[in-house]
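Below: the structure, in structure tokens.
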Number of protein chains: 2
Amino acid sequence: MTQHGLRSGQVAEAAGVSVETLRYYERPGILDDPVRTLGGHRLYPTKTVTVLKVIKAAQRLGFTLREVADLLQAGEHRHGRRPTAGLRHSLEAKLTEVEARLADLVVIRDTLREARDAGCDDVAACAASSCCPLPFAELATVPARPA
Amino acid sequence: MTQHGLRSGQVAEAAGVSVETLRYYERPGILDDPVRTLGGHRLYPTKTVTVLKVIKAAQRLGFTLREVADLLQAGEHRHGRRPTAGLRHSLEAKLTEVEARLADLVVIRDTLREARDAGCDDVAACAASSCCPLPFAELATVPARPA
DNA sequence: CGTAAGCCCGTTCCTTGGTACGGGATGCAA
DNA sequence: TTGCATCCCGTACCAAGGAACGGGCTTACG
């Protein structure tokens, strides 16, 4: 038999990421440091593929890599003793965040629709003359969350 | 009388941006190069304040600086001859984009809600055992737009 | 055993939208 | 004319999340 464990290329392929990404995730501890062959090549356990998929999924759910790392850690600690409720708490927080962004986007969408329906052609002119319902000046004064 | 035109600090103050931002916008041609005093200080026309407000508003509508520049250009070209419909087209395109992002966020929100309601505690374990409704594997296989 | 593919590492670069720094020149009012 | 606020310029830096390079070693296959 050859050595057991997956090589970085195999893991990358299976998880749909690049080999560089694996190395990158290792640095800040998002992935555990893998076992090495005598020659120094990385050997990953099979579950790393799952972990990577989870990471990618969580990123799509709007978590940053740091947050994902914490999420995974929280899960591991739980195996120690009492339930942490850390994951549920994170989910709740992220959900609130997502809902806020959603609300912002709805405002943006409605504004864009209004602008389109108004049929303006020159943004600057419209803003200056208030001939159209584009709330440029008003928007400009709003505190505003970054898009 | 002193020289007519606004100095960078005045423009920045009036538009609610920093002087550095003005310089920054000049580089890629988002702001026209202003007239200079004999000593090299920038002198802006009054309308620059409006332009800046428009830029900030457009950014809040989800346009990148590059797109904003194109939008403003489109408006100017229109003054030449026939209507370009460029702005309407851009609005339409951006609206489509925003709607797509909105749809994504709704999926994300619903997924987060499900996860929360399911009361999972360990992300990796859930993903591996399919004990909970978190669609990690499925999400992982979706082409997916970056959040 | 030979060779080609794969992997190693450190380092640099990219994107976006600015912010910060620092030394020197200017503008303006008194 | 002096003083001080303002402005000039180039450059470096920040966040995140990787992508890319290049020279050299390892591994696996035949």
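Below, each value reflects all heavy atoms present in this structure, side chains not excepted, and no hydrogens, waters or symmetry copies. Lettering of chains follows the sequences in order, A, B, ..., and the numbering in each one begins at 1.
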Quick check on A/E99: does its CD atom have over 12 non-hydrogen neighbours (other residues, nucleotides or ligands) under 6.0 Å away? yes
For a quick test of reading the model, state the closest non-hydrogen atom pair linking A/A58 to A/V68 and the distance between them. CB-CG2, 3.7 Å
Can you tell me if the side-chain N/O atoms of B/R36 get under 4.0 Å from OP1 or OP2 in D/dC9? yes
Euclidean distance, atom CD of residue A/E67 to atom C1' of D/dA15 [Å, nearest integer]: 14 Å
Within less than 4.0 Å of OP1 or OP2 of C/dG17, is there a side-chain N or O belonging to B/K56? no
Can you find a side chain N or O atom of B/T21 that sits less than 4.0 Å from OP1 or OP2 on C/dG17? no
Nearest to the side chain of B/L65, which nucleotide is it out of C/dG18, D/dC21, D/dC7? C/dG18
Can you tell me how far P of C/dC9 sits from CG of A/L22, to the nearest Å? 12 Å
Nearest-nucleotide comparison on DNA chain D, the residue closer to the 5′ end among B/R23 and B/V19: B/V19
Would you find a donor on one side and an acceptor on the other, under 3.5 Å apart, between the side chain of B/T96 and the backbone of B/E92? yes
Taking atom P of D/dT6 as reference, at what distance in whole Å does atom CD of B/Q10 sit? 10 Å
What nucleotide, of D/dT26, C/dC21, D/dG17, holds the atom closest to the side chain of B/E20? C/dC21
OP1 or OP2 of D/dC8 sitting under 4.0 Å from any side-chain N/O of B/S8? yes
D/dA19, D/dG10, C/dT19: which one has an atom nearest the side-chain heavy atoms of B/S18? C/dT19
With the side chain of A/R42 defined as its heavy atoms from C-beta on, choose the nearest nucleotide among C/dC9, C/dG18, D/dC7. C/dC9
OP1 or OP2 of D/dG18 under 4.0 Å from side-chain N/O of A/Y25: yes
From CA spacing to verdict: salt bridge (charged side-chain N to carboxylate O under 4.0 Å, His left out), A/E26, A/R36: CA-CA 13 Å; A/E26 205 172 310; A/R36 300 296 187 118; 3.7 Å; yes
Would you say A/R66's side chain and A/P28's backbone share a donor-acceptor pair under 3.5 angstrom? yes
For C/dT19, does either OP1 or OP2 sit under 4.0 Å from a side-chain N or O belonging to B/Y24? no
Euclidean distance, atom CZ of residue B/R66 to atom P of C/dG18 [Å, nearest integer]: 13 Å
For B/E13 and D/dA5, give me the distance from atom CD to atom C1', rounded to whole Å. 14 Å
When rounded to whole Å, the CZ to C1' distance for the pair A/R27 and D/dG17 reads 10 Å
Give a yes/no answer on whether the side chain of A/Q59 brings an N or O atom under 4.0 Å of OP1 or OP2 in D/dA16. no
